[in-house]
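All values below come from the heavy atoms of this structure, side chains included, with hydrogens, waters and symmetry mates left out. Just so you know, residue 1 is the first one in the sequence shown, and it goes up from there. Source: prediction; values computed, not measured.
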Amino acid sequence: MILIQLCYASSRKKNRELLSDLKDILMTSTKFNRLNDIFGILYYAHDYFFECLQGERDVVEKRFQTLKKDNRLDEVVLLSKKEISKLSFNSWSMKYFHMNEKIDMFFKLNNYNGFQPTKLSFVDCDTFVDLLIDIEEIKFENKSFGLLANEKRYQSISKRVGYKRRGYKKGIIL
Ligand SMILES: Cc1cc2nc3c(=O)[nH]c(=O)nc-3n(C[C@H](O)[C@H](O)[C@H](O)COP(=O)(O)O)c2cc1C
């Protein structure tokens, strides 16, 4: 089995009902991703989505083709796609947030003109993913939703990942 990590960003179509879109995305994605062993994180801020997906290559690539046609998204930009030897996440989570200081700083320090995930370079994209995981880990300490079935199943994988207990950290937070 070939595992990949795929990250993309997109601006959202304006004049749509944001909260109902987010709820709908959360529902479809959680269901599909769980059934198909896709893991990742989705962030939304300032009219932009950023998603990092990990899973079996064909499944992730096929889902990305569907995503590209999603009428809630404007311009979908593929930022990075690479083979990985193991998973770094063990569930899919979604977060809707207003600007976080650390993220703000990340975009400033890397000379982006504000929060513009569609412009992230391949290298910065990886660093950004690590930053998001770090931020989420901090929040998760206060907001544990317990282990989901899939998380239990993948504990052994996440143990091997070994980066700051990230394998235990994912909950679904909206
Ligand atoms: C920002 C964004 C992120 C999404 N992420 C996922 C995802 O991770 N997994 C997924 O199955 N669908 C995701 N979707 C939904 C898909 O684009 C698509 O609507 C859905 O997969 C269609 O499912 P269906 O073909 O089963 O009806 C996302 C949609 C948006 C707008």
Side-chain angles (χ1 to χ4, degrees), residues 1-10 12-13 16-45 48-73 76-97 117 125-126 128-174:
M1 181 170 80
I2 298 171
L3 290 174
I4 61 163
Q5 171 177 292
L6 185 154
C7 300
Y8 71 89
S10 171
R12 85 176 177 96
K13 285 243 174 77
R16 290 189 56 93
E17 178 50 53
L18 177 63
L19 277 180
S20 101
D21 274 356
L22 287 172
K23 275 186 195 152
D24 184 60
I25 294 166
L26 177 68
M27 265 173 53
T28 349
S29 306
T30 310
K31 194 169 161 208
F32 181 88
N33 295 3
R34 271 197 200 155
L35 282 173
N36 292 281
D37 288 342
I38 295 183
F39 307 95
I41 34 179
L42 171 66
Y43 271 77
Y44 171 79
Y48 283 105
F49 286 105
F50 172 89
E51 186 167 33
C52 173
L53 296 169
Q54 296 189 345
E56 203 276 315
R57 185 182 59 192
D58 293 349
V59 183
V60 173
E61 281 181 346
K62 202 166 163 213
R63 208 53 180 172
F64 182 59
Q65 294 311 315
T66 312
L67 268 157
K68 282 204 293 192
K69 293 181 216 138
D70 195 304
N71 61 11
R72 290 163 290 203
L73 300 176
V76 177
V77 179
L78 177 62
L79 300 168
S80 93
K81 186 167 79 170
K82 62 180 186 182
E83 276 188 30
I84 49 173
S85 54
K86 56 197 171 195
L87 300 166
S88 319
F89 324 104
N90 64 348
S91 79
W92 182 84
S93 73
M94 175 174 177
K95 195 158 284 171
Y96 165 56
F97 70 112
C125 177
D126 268 9
F128 183 53
V129 170
D130 281 340
L131 176 65
L132 293 180
I133 292 165
D134 270 348
I135 292 169
E136 196 166 335
E137 280 191 337
I138 293 161
K139 293 211 164 148
F140 194 89
E141 265 150 32
N142 303 322
K143 285 187 176 183
S144 173
F145 284 76
L147 291 174
L148 303 170
N150 249 0
E151 290 178 313
K152 284 186 181 146
R153 210 170 121 212
Y154 278 89
Q155 260 192 12
S156 55
I157 296 170
S158 56
K159 269 182 190 154
R160 274 185 273 124
V161 172
Y163 176 68
K164 283 196 175 181
R165 311 184 312 277
R166 70 169 62 158
Y168 301 97
K169 289 292 180 181
K170 302 291 167 278
I172 295 163
I173 302 166
L174 178 61

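Under 4.0 Å is where a charged nitrogen must lie from a carboxylate oxygen, and between D21 and K13 no such pair does.
Looking at every heavy atom in both residues, L3 comes nearest to K86 through CD1-CA, 4.0 Å. Counting all heavy atoms, side chain and backbone alike, L79 lies closest to C125 at CB-SG, 3.9 Å. The minimum heavy-atom distance between S80 and D126, with the atom names listed, is OG-OD1, 4.2 Å. Between R16 and R12 the shortest heavy-atom distance is O-NH1, 3.6 Å. Residues G55 and L87 share a closest heavy-atom pair of N-CD2, 4.2 Å. Nearest heavy atom pair, residue L78 against residue C7, reads CD1-O, 3.6 Å.
Between Y8 and F64, the angle of the ring planes lies from 30° to 60°, which puts this pair in the tilted group.
Distance check, rounded to the nearest 0.5 Å: CG of N33 to CG of L42 gives 9.5 Å. Remark: L26 CG to K31 NZ distance equals 13.0 Å, nearest 0.5 Å. Expressed to the nearest 0.5 Å, how far CD1 of I38 lies from OG of S29 amounts to 9.0 Å. The distance from the NZ atom of K68 to the CD atom of Q65 is 4.0 Å, given to the nearest 0.5 Å. Remark: F32 CZ to M27 CE distance equals 15.5 Å, nearest 0.5 Å.
For R57, there are no side-chain hydrogen bond (donor to acceptor under 3.5 Å, both in side chains) partners, not counting sequence neighbours. Residues meeting the side-chain contact (heavy atoms from CB on, under 4.5 Å) test with E17, sequence neighbours left out: L19, S20. Applying the side-chain hydrogen bond (donor to acceptor under 3.5 Å, both in side chains) criterion to D70, with sequence neighbours excluded, gives R72.
For the side chain to side chain contact (heavy atoms under 4.5 Å, CB included) with V59, the lone residue among E61, K62, E56 that qualifies is E56. In summary, of the residues considered (L67, V76, I25), a side chain to side chain contact (heavy atoms under 4.5 Å, CB included) with F49 occurs for I25 alone.
The shortest distance between side-chain heavy atoms of F50 and I41 does not fall below 4.5 Å.
Remark: side-chain polar atoms of E83 are not paired, donor with acceptor, to backbone N or O of I2 under 3.5 angstrom.
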